[in-house]
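This report refers to the structure that appears directly beneath it.
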Amino acid sequence: MAEKFPEPLERLINELSRLPTIGRKSAQRLAFYILKCPREQPLALARALEQLHERLGFCPRCFYIATGELCSICADPGRDASQLCVVEEPQDVAAFDKPGAYKGLYHVLLGRLSPLQGVTPEDLKINELLTRIKDPMSRVQEVILATNPNVDGDATALYLSRLIEPLGIRTTRLGLGLSIGSSIEYADELTIRKAFEGRREL
Amino acid sequence: MLISELQIINFRNIAFLRAAFAPGLNLIHGPNAQGKTNVLEAISLLVTGRSFRTTMDREMIPWVRDTYEATLVRARVEKRSGEERFMLTFNQSEKHVTINGNPIGRLGELVGRINAVLFTPSDLQIVRGGPAFRRRFLDVELSQISRRYLFCLQRYDLALRQRNALLKMHQSRPNLRQELFPWDAQLAEHGAELIHARQRMVAQLSQLSASAYNRISGGSEGMKITYQSQTQPGDDDDIGTIRAKLEQALAKTQAEDIRRGATSAGPHRDDFTFLLSGRDARDYGSQGQQRSCVLAMRLAELKIMEDATGECPLLLLDDLMSELDESRKRAFMECLDRRIQIFLTATERELVVSHVKPDMIFHMDDGTLREDLIAS
């Protein structure tokens, strides 16, 4: 049995151990560290935690993080509303949204299909995606499926393409293959195969 | 390919072992339960990252040593391309592999770096046991020589578990068929690759083991191996054709799958059969014939692996001598290619030296390995 600490410490340990990748041992280490810290540091952390949900939420349109009514991307009139990039998680938007790479809009599913973990289509923001595309005001002409290239991500993309294609909207899957700047000599066999499958006219 | 030096620390009953091995035949003899097979098991850990005896890493750590920190298996391997150093360490909670001092991220990256063919007494199960033994044999085999196969196998397996989860837990969902589609599509894509590769592998095994069988058994039964798949691929079907057939098979059995809560078509249900004079060796073969089938197949495997990798694989033979009668023993020994590095365990050295002269002889006694200095 894990030893019991005075109530305030025990409570902190319990809360910390509910976070992903943090077990009871790590939670204990963090809690003791916080106890030793000068008072200002944990208070700053507490304030940051408190404000996170007060001042941030998910954008009701694309489910990326938003501080106001809409997220900064949906609220930007300079964005190309004809392209919609579908991703699994908010952090994927942060990864894709580099200046000059992509100017369109996003839609975050907040997960991926995985029956083993009990995740089925209604658990994802799929209905919201379809409503968004079907909206008479929508200018979407292409949906780019940018879920992860693993079994669950591919399944999610395949499922979505079946729903979106009948609407007469172009659906594309993000290309896979050689990474820029790396030497072909060191690329593994699977990467090379994918690169060949994804080749195009120059 | 050969292991020039091996070091083992805290592995089952072996507290410490360090030995240099000969390029040819290495005999390890000693009574039962002294740790002979543990040496072969340790070597095979470096081949696949996993044990051929257990799926529990915990079983491989010594149980009475209270100062236990970790288990280590380390080898110097000479390949055509130069020397490579492998080190695997693990304890109850962690497992690490380094190659030439560089840690590798996933255990899967280890597969195929050292090639070995292993024969153990439980190989008889490949002929006598259920289809799962035979599928596992093909999967282990093909994963060693093809990264693409391993990739497809891992993806197929996950897609299958996802599909079965959907069938079991969500049977009454209104759009079940629509939700099955993305998993079916991936099963067909990766499954077709598996069937195609296995089919070609079985054809090669069949061709190469036929002559080895006759040499070992001294008979002329005409041994054949045939692949059976519900998908019924033709011998010359390409991957695209097999994929289309698999898609059809999945569509055909969908209603039944929904009812049963499991997937009934696909390479996870396939099998292969050993035929002797056209009859299934599983039902009609004697034990000696069945053993000869497996050995002949292992020899064929050696050749296939060498052709695929350009390296002569290691041959690990566990307790082979007690498995075979005199004439088969002699015939098998004559079949062996002396370019191959062989690790052979036997309960008595005479069982081996009366047939063939080993290049090095070791004696295993209570977890301690010593080279025999007695000239043979």
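Every heavy atom of this structure was used, including side-chain atoms; hydrogens, water molecules and symmetry mates were not. Because the structure is a prediction, the values reported are computed rather than measured. In what follows, chains carry the letters A, B, and so on, assigned in the order in which the sequence lines appear, proteins first and then strands, with residues in each chain numbered from 1.
Both the backbone and the side chain of B:Q178 come within contact range of chain A, with heavy atoms under 4.5 Å apart. Of the atoms belonging to B:R173, it is side-chain heavy atoms, and not backbone ones, that fall under 4.5 Å from chain A. Of the two parts of A:L113, the backbone and the side chain both hold a non-hydrogen atom closer than 4.5 Å to a non-hydrogen atom of chain B.
A donor-acceptor contact closer than 3.5 angstrom links the side chains of B:Q162 and A:S114.
Contact tally against chain A (heavy-atom pairs below 4.5 Å) for B:E179, B:R147, B:H190, B:R161: the top residue is B:E179. Among A:S161, A:G118, A:P149, the residue with the largest count of heavy-atom pairs under 4.5 Å with chain B is A:P149.
Taking CD of B:Q186 as the start and CG of A:D152 as the end, the distance is 8.0 Å to the nearest 0.5 Å. Rounding to the nearest 0.5 angstrom, the gap separating the CG atom in A:L116 from the CG atom in B:L166 is 9.5 Å. In this structure, the separation between OH on A:Y159 and CG on B:L180 is 10.5 Å, given to the nearest 0.5 Å.
Atom NZ of B:K79 is surrounded by more than 12 heavy atoms from other residues, nucleotides or ligands within 6.0 Å. Environment of CZ in B:R135: crowded, with over 12 heavy atoms of neighbouring residues, nucleotides or ligands closer than 6.0 Å. The local environment of CZ in B:R260 is crowded, with over 12 non-hydrogen atoms from other residues, nucleotides or ligands closer than 6.0 Å. Dense packing is recorded around CD of A:E165, with more than 12 heavy atoms of other residues, nucleotides or ligands lying under 6.0 Å away. More than 12 non-hydrogen atoms from other residues, nucleotides or ligands lie less than 6.0 angstrom from CD of A:E7.
Looking only at side-chain heavy atoms (C-beta outward), B:W183 and A:V151 come within less than 4.5 Å of each other. Proximity of B:R155 to A:D154: side-chain heavy atoms (C-beta onward) are separated by under 4.5 Å at one or more points.
In terms of heavy-atom proximity, B:P182 sits nearest to A:L158 at O-CD1, 3.6 Å. Across B:M169 and A:P115, no two heavy atoms sit closer than the pair CE-O, 2.8 Å.
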